[in-house]
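Here's the structure, in structure tokens; my notes come after.
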Amino acid sequence: MKKTKLLVLTTIITAGLFLISWIVPQEQKKGEPWEIPEMYKKMENPYKDDVSLNKVGKMLYAKHCKSCHGNRGLGDGPMAKNLETFSGDFSSEEFQNQSDGVLFYKSFIGRDEMPNYEKKITDDEDRWAIINFLRTFKK
Amino acid sequence: MKKFIIVIISIIFSINSAYTQEEEKKKDKPVRSPFGSGILIDNQTCEIPTAKTLEMLIQHRFGKMDNGIKDIWGIYSPGANIRIGFNYSILDNLMIGYGLTGRKMQSDLQVKWNIIQQTRKNTIPVAVTLYGNIAIDGRDKENEGIWGVNYKFSNRLSYFSQLIVGRKFTDWLSIQLTASFTHYNLIDSISDHDKIGIGINGRARISSQSSIIFQYDAPLKIKGISEHHEFINPSKPNFAIGWEISTSTHAFQIYITTADGILPQEIYMFNRNDWTKGFSNLMFGFTITRLWSF
């Protein structure tokens, strides 16, 4: 009898906590400023305006980035809510004002919750194709 | 005259060096991901994750679909089969792996070598891959029904080797043709120790992450390598069709298939299900892969 009571109580508490988790807003913090090495700040995009890579960038973004950053780069992908840090609004002026080299560093070297993608996207042409695609999110 | 020769030689050298630079610039790279994963239902693909990547696979086969709603088309029926495996890419084109399959408790060791990769500008039009494995039957050695009275460890072994030629035809379509050789050290008295098979498989991408995948593998009845005058109840072709979702670190495949074995030698040698006979010979299956880069 005691065991049954305990089981019922545990179930109620678990269910309650589960339901509360839907109500309590979970604020995501804004990331600290990035420290970008000088090399990347000066880095030129050799494939800038290369329209032949449009499709490649779109496909690779969908495969590697979309689950967190969302369809339109608004940081609203299905995995985004599991992150402690807001993954950024790629359509914003603040984001788009960054140089290609800076975006390259942030995208492929990464830090903390933003994983390193050097092993997953090995070809430089593919990496720049993604950077070019990020530019299409500009409002 | 001497000056003239020097001028000619220097012109030739400068042309040659310019040409070499141009060549380097235009170096033809391998095609971008012809397949979503290193495995396509039961078959290997020409895809190998980059060096120092660990891959975990869970391959699952449910029961047959003939009970319909009673056991949700085999999903809740007994008789499921599962393989959990780990692969490691030593080089960008060389992978080794180990797996354990529930049926027969078979441990397998495997190697896949991507000999040639298809290139973007068609300098090399196809990818050529070699795959081989050795499997060890892990069932109890006291079981005379399986091993007979003279148990020998070597009777547990079976081998499979396969040549895979694949091509990514367009951004959305990749097809592979395969030829394979299977050998079992111990086999029942009406079957052959060796089996040659051919197959075709491929994927048709329907969105950036989803693809339709299919395979058809046919064991051949070749008199020349048979140990019997006629083929009694020979193994049947294996057909499967499914859907694949592939992301950065995962691939998920769900399919309807004929073969309840998971290792390729089990399928080519022992599959007696006939996909043309409908639900009683078909089952659901799925495969999940996860990659970790080091």
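Convention: sequence-line order gives letters A, B, ...; per-chain numbering from 1.
Of residues 92-100 of chain A, no residue lies under 4.5 Å from chain B by any heavy-atom pair.
For A/I13, the side chain to side chain contact (heavy atoms under 4.5 Å, CB included) partners are A/L9, A/L17, not counting sequence neighbours.
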Can you check whether chain B and chain A share any donor-acceptor pairs under 3.5 Å, and give the atom names and distances if they do?
residue, atom, partner, partner atom, Å
A/K55, NZ, B/D171, OD2, 3.3
A/A62, O, B/Q209, NE2, 3.4
A/K63, O, B/S248, N, 3.1
A/H64, ND1, B/S248, OG, 2.7
A/K119, O, B/T50, OG1, 3.0
A/K119, NZ, B/F294, O, 2.2
A/D123, OD1, B/K29, NZ, 3.1
A/D123, OD2, B/R120, NH1, 3.3
A/D123, OD2, B/R120, NH2, 2.7
A/E125, OE1, B/K29, NZ, 2.9
A/E125, OE1, B/R120, NH1, 3.3
A/D126, OD1, B/R32, NE, 2.5
A/D126, OD1, B/R32, NH2, 2.9

